[in-house]
Amino acid sequence: NGVYDGEWVAGKASTVQSIDPATGRVIAEVTTGSVQDLERCLSAGVAAYQEWKKLPAPFRGEIVRQIGDELRKFREPLGKLVALEMGKILPEGVGEVQEFVDICDYAVGLSRMVGGAVFPSERPQHTILEKWNPLGLVGVISAFNFPCAVFGWNAAIALTIGNTVLWKGAPSTSLVSVATTKIVADVIKRNNLPPVVTLCQGGDDIGKQMVKDERVKLMSFTGSTAVGRTVGVEMQRRFGRCLLELGGNNALIINEDAPQEMALDAAFFGCIGTAGQRCTTTRRLIIHEKLYDGFIQKLVKRYTNLMQRVGHPLDQATLYGPVHNQQAVENYKQTIQEAVALGGKIECGGKIINRPGFFVEPTIISNLPHDAPVVKRETFAPIVYVFRAKNLTEAISWNNEVDQGLSSALFTNNIQSAFQWIGENGSDCGIVNINTSPSGAEIGGAFGGEKHTGGGRESGSDAWKQYARRSTIT
């Protein structure tokens, strides 16, 4: 059953098949919710908010602490389920559940630290205060590539602030959505609380209705830029809030004075981790011309050796698994064809792997202009484009010329270059790394990007403020 409104019910819309991307086999079927099912979830979430918001923030933090502890108990099996259904390798699947655990720990501390400010007033015997209050019901629409963690980043913070949460996970990872919700719901029921988290698995119709419904005060959407644009416009139309985590087209710059072995490690994982299906995946390598030839030679060798470690995500020996579905394979093929037609040279990879499931070779493509259309478009696949740069200023301009602005990295041992990179003449991304990969992030910092990435921020720092309304009090 793919609908939870306080009780698990069979959705009345249709049935979605959950498929193991490494074999192509159906592993389960999940019922999806209708608009009527969604209405019950919405009503339950709004009603639960009336009780939840009255509880002290440290008590809410205690509930989130218990959720984190429950997730710890199920970290391995839930991580295996993520690997089985999404297709990422087992350490990444388990690591994703650990991210949810970590953000729960973070939120517990936050529950005793959510603070306003006191400002001096220009009037005698007056004081200005600032207080943050919850919004109400928060909607979360997450993507297939992080089917557990993205919900966790949002839910742990939203619940701590005093909101309730309605979740729609990606249809193709419905099992992870159901399993994760069951873990959370058990904690909520054990504490005799109303359903402060509800789930309605479904298709576009459910997502559109969540965006339209004025009871959803904030919509956190993770997905494509095209859909995110529609979500943003619709939320603005009704003056609701939106938190958008959209496309990335992330560059890793290797400067002339880079620590090369460290850069090689970062480039390798950044390009092939999650089979190129992270929003922070390295999609462009911009290498100083003096280092270019040697660096590419070493990277190709690593790619070649990787092919001995291709396999099922649940196999402990596997380092590289499948892409998520047949559509991802088609997108990969079309992009390779377009790149070659534009003059691109395949340094390695470029083919479908002949085995069951949705496996493609990780691919390095050279000889394209830095501003070729195929380069400036994000393809959610293990394809990286490589370029020679004359100097750091040129490399930064290439980093910034794409529409997306999520993650970026510079490898350098020069402090002047590092400060150029993080300053007003540097990277225009939300994540600006030095001597570490663009791929991934820590929960302690605010996660998100600029430009067509949407501008939203999740997880740490003061990202919690997006889940609250500010009152200025005199």
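All values reported here derive from a predicted model rather than from experimental measurement. Numbers here are sequence positions counted from 1.
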[atom1]/[X] to [atom2]/[Y] distance, rounded to the nearest 0.5 angstrom?
X: N249; Y: L406; atom1: CG; atom2: CG; result: 10.0 Å
X: C200; Y: L166; atom1: SG; atom2: CG; result: 7.0 Å
X: I103; Y: E442; atom1: CD1; atom2: CD; result: 11.5 Å

field: CA sep, side-chain torsions, deciding dist, call: Y385, S366, side chain to side chain donor-acceptor pair (under 3.5 Å)
entry: CA-CA 6 Å; Y385 306 101; S366 64; over 6 Å; no

Any side-chain heavy atom of [X] within less than 4.5 Å of one from [Y]?
X: N413; Y: P259; answer: yes
X: V386; Y: I364; answer: yes
X: M219; Y: V138; answer: no

- request: Quick one: list whatever passes ring pair (Phe, Tyr, Trp, His ring centres under 6.0 Å) with F358, sequence neighbours left out.
  value: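 For F358 there are no ring pair (Phe, Tyr, Trp, His ring centres under 6.0 Å) partners, ignoring immediate neighbours.
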
task: Using the test ring pair (Phe, Tyr, Trp, His ring centres under 6.0 Å), find all partners of H370 that sit at least two apart in sequence or belong to another chain.
output: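 For H370, the residues satisfying ring pair (Phe, Tyr, Trp, His ring centres under 6.0 Å) (neighbours in sequence not counted) are W398.
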
- request: Would you mind listing every side-chain hydrogen bond (donor to acceptor under 3.5 Å, both in side chains) that reaches into residues 200-211, with sequence neighbours excluded?
  value: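 As it turns out, the side-chain hydrogen bond (donor to acceptor under 3.5 Å, both in side chains) pairs with a partner in residues 200-211, which skip direct neighbours, are S174-Q201, S177-Q201.
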
task: Would you mind listing every side-chain hydrogen bond (donor to acceptor under 3.5 Å, both in side chains) that reaches into residues 304-318, with sequence neighbours excluded?
output: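 For residues 304-318: D20-H312.
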
Answer with yes or no whether the side chains of [Y] and [X] bring together a donor and an acceptor at under 3.5 Å.
X: S407; Y: T280; result: no
X: E330; Y: Q334; result: no
X: N425; Y: Q420; result: no
X: Q98; Y: R75; result: yes
X: T160; Y: Y467; result: no
X: E85; Y: S18; result: yes
X: T32; Y: S14; result: yes

Look at [X] together with [Y] and state whether they make a salt bridge at an N to O cut-off of under 4.0 Å.
X: R229; Y: E234; value: no
X: R72; Y: D105; value: yes
X: R457; Y: E245; value: no

Residue pairs passing the ring-ring contact (aromatic ring centres under 6.0 Å, His included) test where at least one lies in residues 74-98, sequence neighbours excluded: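 Residue pairs with at least one partner in residues 74-98: there are none.
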
message: With salt bridge (charged side-chain N to carboxylate O under 4.0 Å, His left out) as the rule and sequence neighbours excluded, what pairs involving residues 381-404 come up?
response: D293-R388

Counterpart residues, side chain to side chain donor-acceptor pair (under 3.5 Å), relative to [X] (two or more places apart):
X: Q327; result: N331
X: K80; result: none
X: K376; result: none

- prompt: Who are the side-chain contact (heavy atoms from CB on, under 4.5 Å) partners of Q236, not counting sequence neighbours?
  reply: F239

- prompt: How would you list, by chain and number, every residue that makes a side-chain contact (heavy atoms from CB on, under 4.5 Å) with K217, sequence neighbours excluded?
  reply: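 K217 satisfies side-chain contact (heavy atoms from CB on, under 4.5 Å) with L135 once adjacent residues are dropped.
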
query: Hey, what's the ring geometry for F144 with H324, parallel, tilted or perpendicular (30° and 60° as the breaks)?
result: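 Parallel.
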
message: Would you call the rings of W167 and F151 parallel, tilted or perpendicular, taking 30° and 60° as the class edges?
response: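 W167 and F151: parallel rings.
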
message: Show, in sequence, the C-alpha distance, side-chain angles and deciding distance for E92 and R278, and conclude whether the salt bridge (Lys or Arg N to Asp or Glu O under 4.0 Å) test is met.
response: CA-CA 11 Å; E92 291 190 55; R278 293 179 173 217; 3.2 Å; yes

message: One pair to check against side chain to side chain donor-acceptor pair (under 3.5 Å): N154 and S220. What are the steps and the verdict?
response: CA-CA 8 Å; N154 283 277; S220 175; 2.8 Å; yes

statement: For L243 and G456, the nearest pair of non-hydrogen atoms, with its separation, is CD2-CA, 4.1 Å

message: If the condition is salt bridge (Lys or Arg N to Asp or Glu O under 4.0 Å), which residues does K88 pass it with, not counting sequence neighbours?
response: E96

